[in-house]
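Data block below; observations after.
Order of the sequence lines fixes the chain letters, A, B, ..., with proteins taken first and strands second; residue numbering starts at 1 for each chain.
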Protein chains: 4
Amino acid sequence: MTSTVPGPLPAMARGRRTKSALVQAGRQLFEEHGFSTVGIDAIAHGAGVSHGTFYTWFDSKEALLREIVTGVAKEIFTATSIGTRLPPDASYARIEAANRSFLRAVTRHSRILRVLDSQADVREDFRGLRLEIRESFVRCGMEGLIRMQELGLADPMLPPRATASALGAMVESFAHLWQDPVEGLDEAEAVDVLTRLWAGAIGLAPQAWPGGDRAAAATEALHE
Amino acid sequence: MTSTVPGPLPAMARGRRTKSALVQAGRQLFEEHGFSTVGIDAIAHGAGVSHGTFYTWFDSKEALLREIVTGVAKEIFTATSIGTRLPPDASYARIEAANRSFLRAVTRHSRILRVLDSQADVREDFRGLRLEIRESFVRCGMEGLIRMQELGLADPMLPPRATASALGAMVESFAHLWQDPVEGLDEAEAVDVLTRLWAGAIGLAPQAWPGGDRAAAATEALHE
Amino acid sequence: MTSTVPGPLPAMARGRRTKSALVQAGRQLFEEHGFSTVGIDAIAHGAGVSHGTFYTWFDSKEALLREIVTGVAKEIFTATSIGTRLPPDASYARIEAANRSFLRAVTRHSRILRVLDSQADVREDFRGLRLEIRESFVRCGMEGLIRMQELGLADPMLPPRATASALGAMVESFAHLWQDPVEGLDEAEAVDVLTRLWAGAIGLAPQAWPGGDRAAAATEALHE
Amino acid sequence: MTSTVPGPLPAMARGRRTKSALVQAGRQLFEEHGFSTVGIDAIAHGAGVSHGTFYTWFDSKEALLREIVTGVAKEIFTATSIGTRLPPDASYARIEAANRSFLRAVTRHSRILRVLDSQADVREDFRGLRLEIRESFVRCGMEGLIRMQELGLADPMLPPRATASALGAMVESFAHLWQDPVEGLDEAEAVDVLTRLWAGAIGLAPQAWPGGDRAAAATEALHE
DNA sequence: TATGAATGAGCTTTCATTCAT
DNA sequence: TATGAATGAAAGCTCATTCAT
């Protein structure tokens, strides 16, 4: 289709290709060597273009990182909204679904999120983005918790926001640690463990566990 | 008193003072502006010496950071070994004590640990130190969990290592987030919440909770 | 004319001009002030560019010196191969021609060769280059001596290599000393003296001297 | 004797020992690594004293080098005056004696003389010292040559000063090259070759050669 | 005398950024 | 758009020298 359009379009297509090559090369290099270690030279070379071309597409190295992490953030926002598709009474399953999709998303982008972290400590604008990413998952957990507390399914003593922060951080941190081959768990097992921890942590009522209580949930998980 | 010490000490004393001034200035600046942003000049100036003097005491900026975080690591190692002073049957109290001392230690050193994080992604030697710090708390939690599982006090289905990793990460991450004035909790409340989450997460048996079960534990915590 | 050359050449031409300006400035400054005394700043300033530009063209000060002396070495290699163009029976004339071209080459590059000397004492790679330069003249002299010995024209007792080394060093050192206005000789006189010394040193047979013996050679030289 | 004198003398003895330790360490390090490469730190450490002590004894690194080479120069001056002890009519023997003692002296101090060379190119004061060292041998050779020319024993066409310069440089350079195990000659052989070259170069009359002419001199040398 | 901490000018080198082509 | 030479601020680091002890 685009190939039939004459004139400026192919050039634009070439331009887009250049830009996305820079994004890709930048992401890979940042993940591998960190942000401040990687120079414009390396990125341009990795994208197969010359040094100066970088500045045709980005104002600075920070701008490139912003472009990269903005894309990542969108993906994570999508992931965190997935738990709400299940019926509101399926508490355990909702927790599980939210954990699975967030674990998956964070795992996939673990390295670049660490890079974002390191810049967030230093640059205001990145700090905001970092908080938004976390917030999306925390709010999801918090709203779920409040609902469960209202339904008498969760420990009413727990402050919702702090609890969701703590448990959200647990899942996210686990995703990062999981990268290293330290823990011998596959994704299903990891999700299972995290969900049990989460459910137990908020004092999820026995009837909300699959099978009817924690032990039965274990049996069920084994036969899955 | 010091005047009774003979010979080389005065000179040494001057040196030690300089060195510790550099450590202090370095730490403050790293915490405030990050590692790569801060130059030797700034550190030396912050310590009230000329930049050449920096190299009398440290081989490089990295060496200074190593010195700083090594000191921090020692403090944290001490903190994590504190839970074991309680009698082994006081499960909940032990979890609580461990959480309190670790939370306190990490909170006090939160910023510099973030700086260490950012370097650990890039430099091998820092990565090791970072892992050791985490490991000390994780192992403490893991050993406690195993004991409780053996005593029938905790969910036997939980893989000890992964569970301790996840919950340890929860406490540590909470300490970092807690810095920001987002959550309106004081230390006692934070420790209480984290301990309830932890105890619930591992399915701590009702009789091990203070008061005899989770609800009683809540009442007790309120009257504390 | 140059305008007919297509594409990248103008930019390249600018680059080449810059590079050769650096080479020229570096050479002049090294000759005037020695290697370690001269900084990158001075070289760049001498070439009319900023000091950062230096590193666009050379990796280090050593790399610049290597470029300079490599060029000089090539010239000297050419010079030392010049004696062999004469007929092999013209012993005296061949010695004279070799001396003249080597004297001329060394004289022209005397100062930079001294700089090379000073670095050759310290850096392995320059040592090799230094030896090669000497070797080219020494081998030329050695081969000539062996031939003359075989023809019965030179003292057969002389060890060829050591002899050529000593006499080669004589010519080279003379070239260096000659720089200073100590000796009031022009080039023709210097060549004449050196050649007489050389010929006498190896015991060149009377019939190989111009005119038939040493005295006749002197008369001839005077009427030249 | 000195040991019986009380009070300040032992301290002075210690001082002298310190100074000569610095001279020794400096010389060794300069010879091994060159002048500009070696720092005050290394010298002081090599002498077993502290950094600052160096400046108790020397004003600068240059001052140390001056002290070292001044001592060497004295030795060489002594060596070059040795030839004149022989009877004035023993031309060949005088050349031989002068060559031997100069070769020996230069060989012994070859490395440090090279260091002096490298500084002589840059610093005026060292240049003077360098020239004096050379001059002492050159003058000796020049005076000898003039005498022989007057006696009709040497080629009268040779300009005495330039000739002595060239031949002196030959001996000196040979001493430096001889360091490397390139030439397989022992000292006696080296002296013999150099003297034959020298005698031949100046056209020394047959009757002044040992045995009566060059060939006879060779026979004699073989039976030595 | 000897010490060694302190100094700071000066070095080489890097790299984000600009701009003429 | 793409190029790559040029820029120059700023970095990390060295080292001869000073000086209080």
Checklist entry - What's the CZ-C1' distance between F58(A) and dT1(F), to the nearest Å? => result 15 Å

Checklist entry - Over how many whole Å does the gap from L64(C) atom CG to dT13(E) atom P extend? => result 12 Å

Next on the checklist: Just verifying a value: how many Å separate D41(A) CG and S50(A) OG, rounded to the nearest 0.5 Å?
Outcome noted: 9.5 Å

Checklist entry - For residues H109(A) and R27(A), is any side-chain donor paired with an opposing acceptor at under 3.5 Å? => result yes

Checklist entry - For the pair made of CG in L22(B) and P in dA5(E), what is the distance, rounded to whole Å? => result 13 Å

Item to check | Side chain of T56(B) - closest among dA5(E), dG4(E), dT7(F) | outcome: dA5(E)

Checklist entry - Think W57(A) has a side-chain N or O under 4.0 angstrom from the OP1 or OP2 of dT1(F)? => result no

Checklist entry - Among all residues two or more places apart in sequence or in another chain, which pass the side-chain hydrogen bond (donor to acceptor under 3.5 Å, both in side chains) test with R123(B)? => result none

Item to check | dA6(E) phosphate, OP1 or OP2, under 4.0 Å from T18(B) side-chain N/O | outcome: yes

Next on the checklist: From CD1 of I43(B) over to C1' of dC13(F), roughly how many Å is that when rounded to an integer?
Outcome noted: 13 Å

Item to check | Heavy-atom pair of closest approach, residues V115(B) and F30(B) | outcome: CG2-O, 3.5 Å

Next on the checklist: Using whole Å, what does the distance between atom P of nucleotide dC15(E) and atom CZ of F35(A) come to?
Outcome noted: 13 Å

Checklist entry - For L129(C), which residues count as a side chain to side chain contact (heavy atoms under 4.5 Å, CB included) partner, sequence neighbours excluded? => result V69(C), T70(C), A73(C)

Checklist outcome for this item: Sequence neighbours excluded, the answer for side-chain hydrogen bond (donor to acceptor under 3.5 Å, both in side chains) partners of D117(B) is R130(B)

Item to check | Which residues share a side chain to side chain contact (heavy atoms under 4.5 Å, CB included) with S60(D), sequence neighbours left out | outcome: E62(D), A63(D)

Atom pairs, N/O to N/O, protein against nucleotides 9-11 of chain F, distance under 3.5 Å?
unit_1 : atom_1 : unit_2 : atom_2 : d
dA9(F) : N6     : H51(C) : NE2    : 2.8

Item to check | Separation of atom NE2 in H45(A) from atom P in dA16(E), rounded to whole Å | outcome: 16 Å

Checklist entry - Want to know the stems of DNA chain E: at least 3 consecutive Watson-Crick or G-U pairs with distances under 3.5 Å, which are they? => result E:2-21 with F:2-21

Checklist entry - For F58(D), which residues count as a ring-ring contact (aromatic ring centres under 6.0 Å, His included) partner, sequence neighbours excluded? => result F54(D)

Checklist entry - Between atom CZ in F54(A) and atom P in dC19(E), what is the gap in whole Å? => result 17 Å

Next on the checklist: At less than 4.0 Å, is any side-chain N or O atom of Y55(A) found next to OP1 or OP2 of dT17(E)? Yes or no.
Outcome noted: yes

Checklist entry - Nearest nucleotide by nearest heavy atom, which residue falls closer to the 5' end of DNA chain E, K19(B) or D59(C)? => result K19(B)

Checklist entry - Would you say dT3(E) has OP1 or OP2 under 4.0 Å from some side-chain N or O of T53(D)? => result yes

Item to check | Comparing E62(D) and S50(C) on DNA chain F - which has the more 5′ nearest nucleotide | outcome: S50(C)

Checklist entry - Do any side-chain nitrogens or oxygens of S60(B) fall under 4.0 Å of OP1 or OP2 in dG12(F)? => result no

Checklist entry - Which residues satisfy the side-chain hydrogen bond (donor to acceptor under 3.5 Å, both in side chains) test with D125(A), sequence neighbours excluded? => result R66(A)

Item to check | E67(B): partners by side-chain hydrogen bond (donor to acceptor under 3.5 Å, both in side chains), with sequence neighbours left out | outcome: none

